[in-house]
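Notes follow the structure.
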Amino acid sequence: MFKKAFIFSIVGVVLYACATVAVTGRKQLSLVSNSEIIPLSAQQYQEVLKEGPLSTNQEQAAMVKRVGLKIQKAVEQYMASKGASSELNGFAWEFNLIDDPKTVNAWCMPGGKVAFYTGIMPICKDDTGVAVVMGHEVEHAIANHGRERMSQGMVAQFGLSTLSAAMGQNPSMTNELLMQAIGAGTNIGMLKFSREHESEADHIGLIFMTIAGYDPNQAPVFWERMTKQGGGQEPPEFLSTHPSHSTRIKDLQGWIPEAQSYKKI
Ligand SMILES: [Zn+2]
């Protein structure tokens with residue numbers, strides 16, 4: 001948590017460092033630009049893939065790629081319909097499945113680098129389940145949630161520093177902050193996605209999956225499965241934030257008619 005005096009001192013910066021979330025119009029702290037964070041993400045993604053190991057389950061790996069490409073297309077259509085295609089500048093999408101049955105998680109980095117872990121696949125069950133998760137995670141990247149959290153993390157760790165200065169000062173911590181910011185890191189303490197971020201990801205993710213041709217009615221059904229699965233283990237990124245499951249499921253149900261109206265774009 002920021003101290004009051006600290007908040008006071010950064011107000012001036014926040015005034016001009018706020019970007020606007022393309023889709024919702026919400027203001028967000030943005031000390032880092034996409035042109036800086038996308039190359040750093042691409043580099044870190046290569047590291048993640050190198051460590052892997054990538055899943056040898058061809059069927060599941062193909063499922064992640066197949067659904068990913070459809071969601072990518074849907075995102076491109078959606079952003080074009082909003083006149084916001086330039087938000088996708090620099091994106092170079094990739095969709096990979098990492099062999100880690102204990103990790104019930106998935107994430108998308110700035111620039112469209114997606115990882116699923118095999119631990120989430122039994123809950124996804126099929127293409128539609130993968131589309132629920134994919135839409136949600138991709139929206140975190142499109143709405144620059146990771147970038148926003150990276151900015152917050154940098155303020156906390158480095159003060160008002162540029163990304164390149166932070167990299168120069170402490171590259172491993174900067175990389176760690178990035179992984180934290182997208183919901184994948186472990187070492188600096190959890191920077192959880194906020195309720196607001198989760199809600200944005202659920203809402204717009206539902207629209208993405210619908211445009212991609214999947215049935216939005218399956219999103220609340222997926223969350224029911226996730227809730228049942230959640231008991232006892234370390235919560236994945238999805239479960240780590242606060243919309244109670246019943247609220248989340250109710251919200252999703254409420255957004256289905258809106259999502260269906262996007263089928264025609
Ligand atoms: Zn999320």
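Everything numeric in this text was worked out from a predicted model, so none of it was measured. Counting starts at 1 for both ligands and their atoms, following the listed order. The first residue in the sequence is number 1, and the count goes up from there.
The atom name of the N/O/S atom in His136 closest to the Zn ion (ligand 1) is NE2. When the Zn ion (ligand 1) is compared with the N/O/S atoms of Glu198, atom OE2 turns out nearest.
Here the rule is ring-ring contact (aromatic ring centres under 6.0 Å, His included) with His203, and of Trp255, Phe208, Tyr262 only Trp255 fits it. When the options Ile98, Thr103, Val64 are evaluated for a side chain to side chain contact (heavy atoms under 4.5 Å, CB included) with Phe116, the one that passes is Val64.
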May I have the list of side-chain donor-acceptor pairs in residues 209-217 shorter than 3.5 Å, sequence neighbours left out?
residue: Thr210; atom: OG1; partner: Leu206; partner atom: O; Å: 2.7
residue: Asp215; atom: OD1; partner: Asn217; partner atom: N; Å: 2.9
residue: Asp215; atom: OD1; partner: Asn217; partner atom: ND2; Å: 2.9

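Residue side and main chain included, His145 places no N/O/S atom under 2.8 Å of the Zn ion (ligand 1). When distances to the Zn ion (ligand 1) are checked against a cut-off of 2.8 Å, His140 contributes an N, O or S atom below that limit. Note on Glu137: not counted as a metal contact of the Zn ion (ligand 1), no N/O/S atom lying under 2.8 Å.
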Q.
salt bridge (charged side-chain N to carboxylate O under 4.0 Å, His left out), that's the test. Do Glu198 and Arg248 meet it? Break it down for me.
A. CA-CA 9 Å; Glu198 284 304 291; Arg248 168 168 244 159; 2.7 Å; yes
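The stretch residues 46-67 participates, sequence neighbours left out, in these salt bridge (Lys or Arg N to Asp or Glu O under 4.0 Å) pairs: Glu47-Lys50, Arg66-Asp127.
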